[in-house]
Each structure stands twice: as C-alpha cells, then as structure tokens.
J.: 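I'd like to ask you about the structure that follows.
A note on names: the letters A, B, ... follow the listed sequences, proteins ahead of strands, and every chain is numbered from 1. Basis for what follows: all heavy atoms, side chains included, without hydrogens, waters or symmetry-related copies.
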2 protein chains.
Amino acid sequence: MAAEPAGSSKDVLDADGIPVLPDPADAASRKRRAIIDAALAEFLAEGYSAASMEAITSRSGVSKATVYKHFGSKERLFLAVVGGVLPTTYAELEPVNSGLAGAPDLRTALVRLTTAWARILLRPDIMSLRRLVIGEIDRFPQLGRLWYRLGRDMNDGPLVAAFTELHARGVLDVPDPDLAVRQLVGATVGVPQLACTFSPEAAFDDAELERVMASGVDLFLARYATGA
Amino acid sequence: MAAEPAGSSKDVLDADGIPVLPDPADAASRKRRAIIDAALAEFLAEGYSAASMEAITSRSGVSKATVYKHFGSKERLFLAVVGGVLPTTYAELEPVNSGLAGAPDLRTALVRLTTAWARILLRPDIMSLRRLVIGEIDRFPQLGRLWYRLGRDMNDGPLVAAFTELHARGVLDVPDPDLAVRQLVGATVGVPQLACTFSPEAAFDDAELERVMASGVDLFLARYATGA
DNA sequence: GTCTATAGTAAGATAGAC
DNA sequence: GTCTATCTTACTATAGAC
C-alpha cells in the first residue's frame with residue numbers, strides 16, 4: 001500500500017525516513033484524471049448549466065484554480081470530458097461487429113449482434129450520456145455531430161460493408177445498404193432505446209430483449225434475404 | 001385597431017373620453033399567456049437551468065413578481081409550460097391516423113401516414129422540444145413519461161387497433177401488433193428522426209423523405225402482409 | 001502547478017406600495 | 001394582480017502566495 005500524497009505540501013517519508021518526492025508529471029496527470037472523472041459525474045448528474053465548477057473541485061479533491069489551469073473554462077472542460085468519453089464508449093461496440101459476412105447462419109449472427117449492441121447501448125450510464133449530449137446540442141453541436149458520426153462509422157459502417165458483400169454474393173438483396181442498416185437498427189435496437197430514452201427506469205430483461213431483437217431481424221430478413 | 005392596455009396604471013380612454021377598464025380576468029389570462037409563450041421560447045433556447053426568470057419577464061413584458069404570483073417557482077413554470085404544450089403538439093398528429101383499416105390500398109395509406117408524421121415530427125420546433133424534454137428527464141421524469149405515453153396513446157394506439165383489425169380480417173399477419181407498430185415507426189420515422197436529433201441542421205426534402213418512408217413501409221409489409 | 005481568498009456578477013425569490 | 005426595489009445566495013473566473 002504505497003502512500004499517495006494528495007498534493008500536500010508536507011514531505012512524505014518512506015520506511016527509512018527518506019522523502020519521497022512525487023513525480024510532478026504523474027501527479028499532474030493524476031489530478032487531471034481526477035478532474036475529468038469528477039466533471040463527468042457532475043455533468044451527467046446536473047447537466048451542463050446546473051453543474052457547478054465548485055462541485056467538480058470538491059468531487060475531485062483539487063482546487064478551483066487548478067481546474068482552470070488545466071482546462072481554461074467550463075465550456076472547454078465540458079468539451080474535453082464529454083468529447084473524450086464518446087470514443088471510449090463506442091469502442092466497446094466495435095469487437096461485436098467482426099466477421100458478420102462470413103457467419104454460417106446470418107439470422108443467428110444478426111440476432112446476436114443486435115442483442116449485444118442493445119445490452120451495451122441501454123446501459124444506464126450510456127443512456128445518461130446520450131441524454132446529456134442531446135440536451136446540450138444547441139450549445140455544443142460538435143458533440144452531436146461527433147456522437148452521430150461515431151455511431152455511423154463504428155457500428156453502421158461495418159454492417160454496411162457486410163451487407164454490400166452479401167448483396168454481391170447473392171445472399172441478400174439490398175439495393176441501398178446504408179438505408180437498410182438504419183432500418184435494421186431502428187427496428188431492433190431503436191425500439192427499446194426509445195422507451196429507455198424517455199423512461200430511464202424502464203428495464204428490459206435479457207429474454208425480452210432477445211425476443212424483440214429476433215423479431216426485428218426477422219422483419220429485416222423477410223424483405224432483404226434472397227431465397228439462396 | 002383596438003387599444004390593448006398592457007397593464008399600465010393609467011386609464012385608457014375610448015373615442016368619447018370614457019375610461020375603458022380592462023376585464024381583469026382577461027387581462028390576467030393575457031399576461032398568463034404572454035408568460036407561457038415567453039417561457040417556452042426561453043426554455044427552448046437555453047434549457048431549463050440556463051434559462052433565467054429575468055429573461056422570461058423581459059420577453060413577456062410583465063414583472064418578475066407577477067410571474068411568481070402565477071406560477072410559484074421556476075420548476076412549476078417549466079412543468080406548466082412544457083407539460084401544457086406537449087398535448088397540443090401531439091394533437092396535430094391525430095387527424096392523420098383516421099381510417100387506416102378501411103383504406104383501399106394499405107401500402108399507399110401507410111406511406112402517406114408515415115410521411116405526414118415525419119413532416120410534423122421533424123419540424124425544428126418539435127425537435128427542439130423533444131431535445132429539451134430528453135435533456136431534462138433526470139430533473140423532470142414526469143415529462144419524459146408524458147411524452148412517451150402521448151406518443152404511444154395518440155399515434156401508436158390507433159395503428160395498433162388498425163393492425164389488430166387487419167389481422168383479424170386476414171389482410172395482415174401480425175402476432176404482436178404493439179411490437180409491429182414500434183418496428184414500423186423505428187424503420188420509417190425513426191430513421192430521419194435519429195439524424196435530426198443529433199444534427200439539427202440536417203434537412204430532408206420531401207422526395208427523400210417519401211423515399212425513406214416508402215422503403216420502410218415495404219420492409220414492414222414484406223414481413224407482415226399476407227398474400228390476401 | 002497548486003493552493004486560499006476573493007472579485008464581480010447574476011441568479012431565484014420576496015416585501016410592500018398601489 | 002401588478003409593479004419596483006431588494007435580499008440572499010451561488011456562480012464563474014482570477015490574483016497572489018508558495
């Protein structure tokens with residue numbers, strides 16, 4: 001259990017009484033990290049305007065001046081924090097997408113895929129972040145565009161590629177793969193997502209979720225699957 | 001051009017020099033209406049927390065004390081204004097729903113219906129209101145539940161009834177009408193709505209909109225229409 | 001880089017005259 | 001019911017010591 005000096009001005013001594021000087025760079029980035037975590041929690045709980053820099057400094061254990069040295073202003077802090085966490089969030093969805101074009105049973109693969117997406121996207125922390133971004137879009141349009149673009153690039157993108165290939169192989173008949181992907185998402189993940197957007201307390205157990213995803217995939221395949 | 005005394009303490013005289021005393025009830029409800037309009041504009045522009053009661057009083061032309069006499073607090077004002085406008089908003093969608101079960105061509109009727117929905121729901125003012133409600137759901141969960149319930153009751157509801165009837169008549173094969181409606185919405189209106197939610201500047205011209213709606217309806221019918 | 005202390009401002013809400 | 005004037009509080013941001 002190493003001593004972690006929290007910025008105290010007093011020297012910290014090791015077992016032999018020798019002062020342990022914290023690496024200033026590490027100390028700074030630890031504080032930076034603490035500020036980011038505290039700010040995210042505060043912004044998620046209060047929204048941008050009601051969040052107070054005072055509360056963020058209290059949560060993070062640093063002083064107000066330090067926060068301003070690092071981030072300059074409340075706006076810049078918000079953009080850094082929220083813009084920084086979005087790619088992390090979407091990165092979780094990427095591994096699910098691999099190898100769809102080569103799956104033995106397309107229906108099973110699509111149900112698995114959409115169910116995995118839904119389980120992640122419906123998580124309360126991600127739903128809260130989504131509501132925050134949507135609610136602040138007039139003030140921070142960059143974040144809205146970023147969120148939408150990430151979703152398109154990291155989720156829809158691979159699916160579009162897979163459908164295009166399956167179309168070429170004659171397995172699917174998809175004249176507009178881009179639109180088809182958006183329809184699939186709307187008819188599967190979009191259904192419980194809409195409910196959770198407006199009713200945070202709404203819960204979908206795994207069985208219900210898989211039933212809805214399977215029904216949406218069947219809807220999709222009824223139109224786009226060829227006989228082959 | 002009738003004189004409309006805006007609460008001035010000086011008497012207003014008619015053409016014969018006779019004081020025109022404004023009906024106090026009417027004057028009060030005119031002010032109430034002015035406050036509501038000003039508050040809605042301010043809340044839409046700034047969000048709940050950043051909206052200032054000072055700005056609302058300026059916009060409405062009444063004093064701060066009057067606003068508090070009428071609505072008691074900022075929270076109550078917000079609930080009254082937003083909760084009051086939601087039914088009005090959804091009422092616009094109701095007439096579109098009538099007479100679907102008896103339509104001669106179901107596909108045409110559904111394309112017309114979803115396109116009409118989309119044109120209303122994508123309007124910037126309604127999209128802004130939607131973002132406001134979503135962004136403030138942690139603070140005002142009532143509004144989220146109200147929005148979702150209105151959408152379900154006034155839009156999905158009639159469609160569920162129509163699909164149930166068409167199922168009984170053998171025109172459709174819809175084992176779960178409620179889910180089917182949500183899928184149809186997700187695959188039609190939901191597609192451009194998602195884009196507009198995150199990119200307010202995104203615009204869909206009528207031709208593009210109808211193409212997307214028609215494609216979504218075809219998707220729906222490929223699964224749920226019987227041969228009959 | 002980090003802190004304490006504070007400047008300067010604007011917010012929500014109310015008192016009291018009319 | 002309505003207004004003007006004001007109370008109290010909390011906010012963002014900064015100055016200056018270390």
J.: How would nucleotides 12-18 of chain D be written as a contact map, 5' to 3', with B for base contact, S for sugar-phosphate-only contact and - for no contact, using protein heavy atoms under 4.0 Å?
T.: BBBB---

J.: Output yes when at least one side-chain N/O atom of B:Thr66 is less than 4.0 Å from OP1 or OP2 of D:dG1, else no.
T.: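 Indeed not, no polar side-chain atom of B:Thr66 lies that close.
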
J.: For a quick test of your reading: what N or O donor-acceptor pairs under 3.5 Å do the side chains of residues 109-122 of chain B make, sequence neighbours left out?
T.:
unit_1   : atom_1 : unit_2   : atom_2 : d
B:Thr114 : OG1    : B:Leu110 : O      : 2.9
B:Thr114 : OG1    : B:Val111 : O      : 3.2
B:Thr115 : OG1    : B:Val111 : O      : 2.6
B:Trp117 : NE1    : B:Asn97  : OD1    : 3.1
B:Arg119 : NH1    : B:Asp206 : OD1    : 3.4
B:Arg119 : NH1    : B:Asp206 : OD2    : 2.9

J.: What is the distance from CD1 of A:Ile35 to C1' of C:dT2, rounded to the nearest Å?
T.: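 Those two atoms, CD1 and C1', are 10 Å apart.
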
J.: Using residues 143-151 of chain B as the side-chain source, report each donor-acceptor pair under 3.5 Å to any protein atom, sequence neighbours left out, with the distance given to one decimal.
T.:
unit_1   : atom_1 : unit_2   : atom_2 : d
B:Trp147 : NE1    : B:Tyr90  : OH     : 3.0
B:Arg149 : NH1    : B:Asp153 : OD2    : 3.4

J.: Are B:Arg130 and A:Phe198 in a cation-pi setup, meaning NZ or CZ lies under 6.0 angstrom from the ring centre and within 45 degrees of the ring axis?
T.: no

J.: Does the side chain of B:Ser215 come within less than 4.5 Å of A:Asp176's, by heavy atoms?
T.: no

J.: Quick one: is D:dC3 close enough that its OP1 or OP2 comes under 4.0 Å of any side-chain N or O from B:Ser63?
T.: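 Yes.
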
J.: Aromatic rings A:Phe78 and A:Phe43: how do their planes relate, parallel, tilted or perpendicular, breaks at 30° and 60°?
T.: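 Perpendicular: the ring planes of A:Phe78 and A:Phe43 meet at over 60°.
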
